[in-house]
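Accompanying notes for the structure given below.
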Amino acid sequence: MVANRSDTEPVQIEIFPRRLLTPETAQRVLNEIYKEGGVTRIMVQGPSLSKVIPYGPGRGLPIEENRDLLLEVGDQALELRVKVGRIWLELENEEYLEGVKAACERTLPFPFELKKGTLFHTKSTISDYAKYGDDIKDKRILGLVDPKAKIERDLAVLSDERE
Amino acid sequence: MAYTPQYYPGSTSAGVNRRKHMAGDLEKLRDISDMDIVAVMGHRTPGADYPSTHPPLAEMGEPDCPVRQLVEPTPGAAAGDRIRYSQFTDSMYNSPSIPYWRTYWAAINCRGVDPGTLSGRQIIEARERDIDNYTKTIMDSEMYCPALSCMRGCTVHGHSLRLEENGLMFDMLARCEMGDDGNVYYNKDQVGVPLDQKVNAGKPMSEDEAAKRTTIFRYDNVAFGGSIGDRKFDEGLIALHHVWERRSKWGFRPE
């Protein structure tokens, strides 16, 4: 049987849950997805969780609820700075798609949408040039973090070993 | 026969609820204490005297003015209270009231107020003891659901965001939390300053109850218009089209 192009090409998918995820649920979903294998890139997005009150009479007061939120996936831990509402994934190929869907169904207690498309940008933008220069060794970094993010804080590289 | 104003057209549940809000014919669902309301508003310490910006009107010796003789001042104005506010955000997921209807309620039913409407939030300004009273009426009534509405004086977001897992409207400042007993508690005042004691705002409405009580038209509950499936134009929309057409063609002439 001849494999067609869509079976071997990487696919990008968006998981859009009906509700915003708690850090615990987000971690559970991502770990289940990661265990299914075939994940090349993961990006989580959602409304920001500021550490201090940004405006108004209480400006500068700490928001304790938003402190010390960690997202542990695989062998890495990242500080969680958003309320997870959207997950972008790049999979090695189409065959991992069913596993991701099953992982979401197992872990998400409410409905979700799963869409396929081109999500991460493929060419270096002006912002990428300003941030990384014209010699990007690992192209997978493109589209993973927004221009203002700090790579050492907001990006983690996971090993290939899975439990 | 006494005249009964009809504030809003339509026979849908959203239309009926809009009429109820505008007429001030509100069902009381809970009883939050005056002290708790004052604590969440955060303008003064609960139990403290009302600060004033001018002496009581009775002591000021007002000029001889027929309008002043005709209009009785509100208790807050008579006492010379400061102007203060309360501001609410309402989730688009079937929150019982929506900003325009909060404003209609305030403008029609409350005296001495300055309501302001934005897309997902609504503020009412009034003399301090008046706004205390009006805010209590709102929070005790069906205009308020502890999960889908929230008093937010700054960082007034959440209206168009998805709900959190526990059904609360998202709030970056985490002013409210869901208690183990199923009640929603304010642990911060409306601008995010922590409270000494949590304020119990009561149990949230169930999804079905919120869908029944809401004044929001939504395609997945009561659709405002359209012709797909069961959708049809609400009488409110037909009336709106009528007003718009008359206004556009001839300037507004209701006849």
Side-chain angles (χ1 to χ4, degrees), chain A residues 14-32 44-71 79-88 103-115, chain B residues 39-45 82 84-87 89 91-94 120-121 123 147-148 150-179 184-196 198 204 207 218 220:
Chain A
E14 178 183 82
I15 301 159
F16 192 84
R18 184 172 287 181
R19 298 224 165 154
L20 300 173
L21 307 184
T22 60
E24 297 77 29
T25 309
Q27 180 165 311
R28 212 162 48 238
V29 174
L30 290 174
N31 274 307
E32 284 294 315
V44 295
Q45 185 261 346
S48 167
L49 293 174
S50 174
K51 302 275 187 294
V52 294
I53 298 177
Y55 312 106
R59 184 175 178 173
L61 284 177
I63 307 172
E64 296 299 338
E65 291 82 352
N66 297 347
R67 293 188 170 220
D68 307 323
L69 299 177
L70 279 181
L71 193 60
E79 188 190 0
L80 190 60
R81 293 168 54 243
V82 295
K83 189 89 180 171
V84 179
R86 188 193 306 265
I87 300 170
W88 282 1
C104 291
E105 281 166 355
R106 279 199 303 276
T107 47
L108 288 176
F110 32 76
F112 61 92
E113 286 176 28
L114 206 146
K115 296 179 214 160
Chain B
V40 176
M41 288 172 70
H43 298 308
R44 67 191 170 94
T45 312
R82 305 176 297 180
R84 286 296 177 264
Y85 71 94
S86 68
Q87 183 167 219
T89 314
S91 173
M92 66 175 187
Y93 289 101
N94 287 339
R121 63 178 84 168
I123 187 169
L148 301 171
C150 187
M151 204 200 294
R152 296 183 182 178
C154 68
T155 318
V156 201
H157 62 171
H159 160 75
S160 58
L161 292 169
R162 280 164 286 168
L163 302 176
E164 295 192 18
E165 278 186 37
N166 56 13
L168 292 187
M169 181 167 53
F170 172 74
D171 182 13
M172 184 180 80
L173 304 192
R175 277 164 276 219
C176 286
E177 64 181 26
M178 181 69 85
V184 176
Y185 290 87
Y186 278 87
N187 51 23
K188 296 174 185 177
D189 70 11
Q190 64 172 334
V191 293
V193 176
L195 296 172
D196 295 335
K198 290 180 184 177
E207 280 190 28
R218 272 181 69 98
D220 56 359

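Chain letters run A, B, ... following the sequence lines, proteins first, then strands; residues in each count from 1.
Of all non-hydrogen atoms in V193(B) and G58(A), the two that sit nearest each other are CG2-CA, 4.1 Å. What you find for N166(B) and R19(A) is that their closest heavy atoms are C-NH1, 4.2 Å.
Contacts between Y55(A) and chain B at a heavy-atom distance below 4.5 Å involve backbone atoms as well as side-chain atoms. When heavy atoms are compared at a cutoff of 4.5 Å, R18(A) approaches chain B solely by way of its backbone atoms N, CA, C and O. Proximity to chain B (any heavy atom under 4.5 Å) is restricted, for L61(A), to the side chain, taken from C-beta onward.
The choice from H157(B), E165(B), E177(B) that makes the most heavy-atom pairs within less than 4.5 Å of chain A is E165(B). Heavy-atom pairs under 4.5 Å with chain A were tallied for N187(B), L163(B), L161(B), D189(B); the largest tally goes to L163(B).
With values rounded to the nearest 0.5 angstrom, L20(A) atom CG is found 12.0 Å from M169(B) atom CE. Rounding to the nearest 0.5 Å gives a distance of 11.0 Å between OG1 of T25(A) and CD of E164(B). The structure places CE of M172(B) at 5.0 Å from CD1 of I63(A), a figure rounded to the nearest 0.5 Å.
Contact of the K188(B) side chain with the E65(A) side chain is registered, since non-hydrogen atoms from C-beta on lie closer than 4.5 Å. Between P54(A) and T155(B) the shortest side-chain heavy-atom distance falls below 4.5 Å. Residues F170(B) and L49(A) have side chains in contact (heavy-atom distance under 4.5 Å, counting atoms from C-beta outward). A 4.5 Å side-chain heavy-atom check between R162(B) and P17(A) finds at least one atom pair inside the cut-off.
Counting non-hydrogen atoms of other residues, nucleotides and ligands closer than 6.0 Å to NZ of K51(A) gives a total above 12. By the neighbour-count criterion of 12 heavy atoms within 6.0 Å, atom CZ of R59(A) is sparsely surrounded, having that number or fewer from other residues, nucleotides or ligands. For CD of E207(B), the number of neighbouring non-hydrogen atoms (other residues, nucleotides, ligands) closer than 6.0 Å is 12 at most. Atom CG of D196(B) has 12 or fewer heavy atoms from other residues, nucleotides or ligands within 6.0 Å.
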